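See structure below.
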Amino acid sequence: METATIDRAFLARPGLDVAPDLLGSVLRHTTPEGTVAVRLTEVEAYQGADDPGSHAYRGRTPRNEVMFGPAGHLYVYFTYGMHFCANVVCDVDGTATAVLLRAGEVIEGASLAAARRLSARAPREYARGPARLTSALGLGRSDNGVDLCSVGSPTQLLPGPPVDATRVRTGPRVGVSGPGGDGDAYPWRFWLDGEPTVSPYRPHVPKRRK
DNA sequence: AGAAGGATTATCT
DNA sequence: GATAATCCTTCTG
């Protein structure tokens with residue numbers, strides 16, 4: 001039988017609870033070009049109304065509509081005029097929380113990932129960063145809202161090899177400012193310690209005058 | 001090695 | 001009209 005996807009009920013809780021449990025899971029995407037699969041090594045949780053860093057903070061809009069839907073769907077958004085980022089929608093229908101997929105290790109389709117990531121100098125850079133991850137997988141606008149939990153879907157979230165829980169680390173999210181612009185208020189970024197594919201951006205370096 | 005600026009457009013104020 | 005859950009190239013030390 002086909003490999004089972006991650007259960008939707010597993011994702012139907014707050015993104016903050018789901019995020020660390022998603023480390024080590026595998027996102028696989030198949031297109032006419034072929035299949036690429038990524039084992040997740042770095043993620044970030046985004047909550048709803050209480051989280052100023054979340055797209056859902058100011059309520060439902062056409063862009064973030066998918067976040068408010070049922071768990072187990074993919075929320076893909078376009079940013080900085082040239083990049084896509086992907087989230088796994090969590091929590092129950094009507095409550096908007098999600099997990100941003102920041103980085104991972106390509107474990108299937110390395111040659112196709114390389115073709116999509118021409119600037120990468122080493123395989124570890126194929127999906128090292130949120131926009132790089134979507135690029136390596138070939139995800140874009142048309143993948144916004146797709147179901148990740150149905151067998152036979154071209155885009156699936158699958159269980160990965162077991163993860164050593166003692167390797168899970170947490171820290172401030174990247175590119176998110178808290179109240180007063182003084183860095184992220186919450187340590188809602190999770191990664192696997194020692195993974196070469198974890199994006200290297202330093203957690204919140206305050207700008208210093210020279 | 002580290003810092004700085006450009007690319008490029010959807011989205012919301 | 002400003003900003004953005006970013007990445008890449010180029011400049012400087």
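Since this is a predicted model, take the numbers as computed values, not measurements. Residue numbers start from 1 in every chain, and the chains themselves are labelled A, B, ... in the order their sequence lines are given, proteins ahead of strands.
- Side-chain proximity of A:Y46 to the nucleotides C:dA5, C:dT6, B:dC12 is greatest for C:dA5.
- B:dA10 atom P lies 6 Å from atom CZ of A:R141, rounded to whole Å.
- Atom-to-atom, OH of A:Y77 to P of C:dT6 comes out at 6 Å; the value is rounded to the nearest Å.
- Side-chain atoms of A:A131 lie closest to C:dC7 of the nucleotides C:dC8, B:dC12, C:dC7.
- Base engagement by A:G53 is indicated by at least one non-hydrogen atom pair under 4.0 Å involving a base atom.
- Remark: C:dA5 base-pairs with no nucleotide; criterion is Watson-Crick or G-U wobble with both hydrogen-bond distances under 3.5 Å.
- Contact annotation: A:S119 does not reach the phosphate of C:dC7 (side-chain N/O to OP1 or OP2, under 4.0 Å).
- Under the side chain to side chain contact (heavy atoms under 4.5 Å, CB included) rule, A:L101 has a single partner from A:T41, A:L137, A:L133, A:L139, which is A:L133.
- Of the charged side-chain nitrogens involved, at least one lies within less than 4.0 Å of a carboxylate oxygen, so that A:E108 and A:R28 count as a salt-bridged pair.
- Nucleotides C:dT3 and B:dG5 place their P atoms 16 Å apart, quoted to the nearest Å.
- Distance, A:R58 CZ to C:dA5 P: 11 Å, rounded to whole Å.
- In the region residues 79-98 of chain A, proximity to DNA chain B at under 4.0 angstrom, judged on heavy atoms, holds for A:Y80, A:G81, A:M82.
- Using modelled atom types, one side-chain atom of A:N64 and one backbone atom of A:T61 make a donor-acceptor pair closer than 3.5 Å.
- Note: CZ (A:F78) to C1' (B:dT8) measures 7 Å, nearest angstrom.
- Applying the Watson-Crick and G-U wobble criteria (two distances, each under 3.5 Å), B:dG2 pairs with C:dC11.
- Between A:R121 atom CZ and C:dC7 atom C1' there is a gap of 14 Å when expressed in whole angstrom units.
- Distance, A:Y75 OH to B:dT11 C1': 10 Å, rounded to whole Å.
- Applying the ring pair (Phe, Tyr, Trp, His ring centres under 6.0 Å) rule to A:F78 yields the partners A:F84; only residues at least two apart in sequence or on another chain are considered.
- The residue from A:R124, A:R169, A:R167 that alone fulfils the salt bridge (Lys or Arg N to Asp or Glu O under 4.0 Å) condition with A:E195 is A:R167.
- For A:Q47 and C:dA5, the CD to C1' distance is 14 Å, given to the nearest whole Å.
- Side-chain atoms of A:E105 do not come within 3.5 Å of backbone N or O of A:V38 as any donor-acceptor pair.
- Under 4.0 Å is where a charged nitrogen must lie from a carboxylate oxygen, and between A:E33 and A:R116 at least one such pair does.
- Atom-to-atom, CG of A:L118 to C1' of C:dC7 comes out at 14 Å; the value is rounded to the nearest Å.
- Between A:R117 and the phosphate of C:dC7, there is no side-chain N or O to OP1/OP2 separation shorter than 4.0 Å.
- Among C:dT6, B:dT11, C:dC7, the nucleotide with an atom closest to any side-chain atom of A:R132 is C:dC7.
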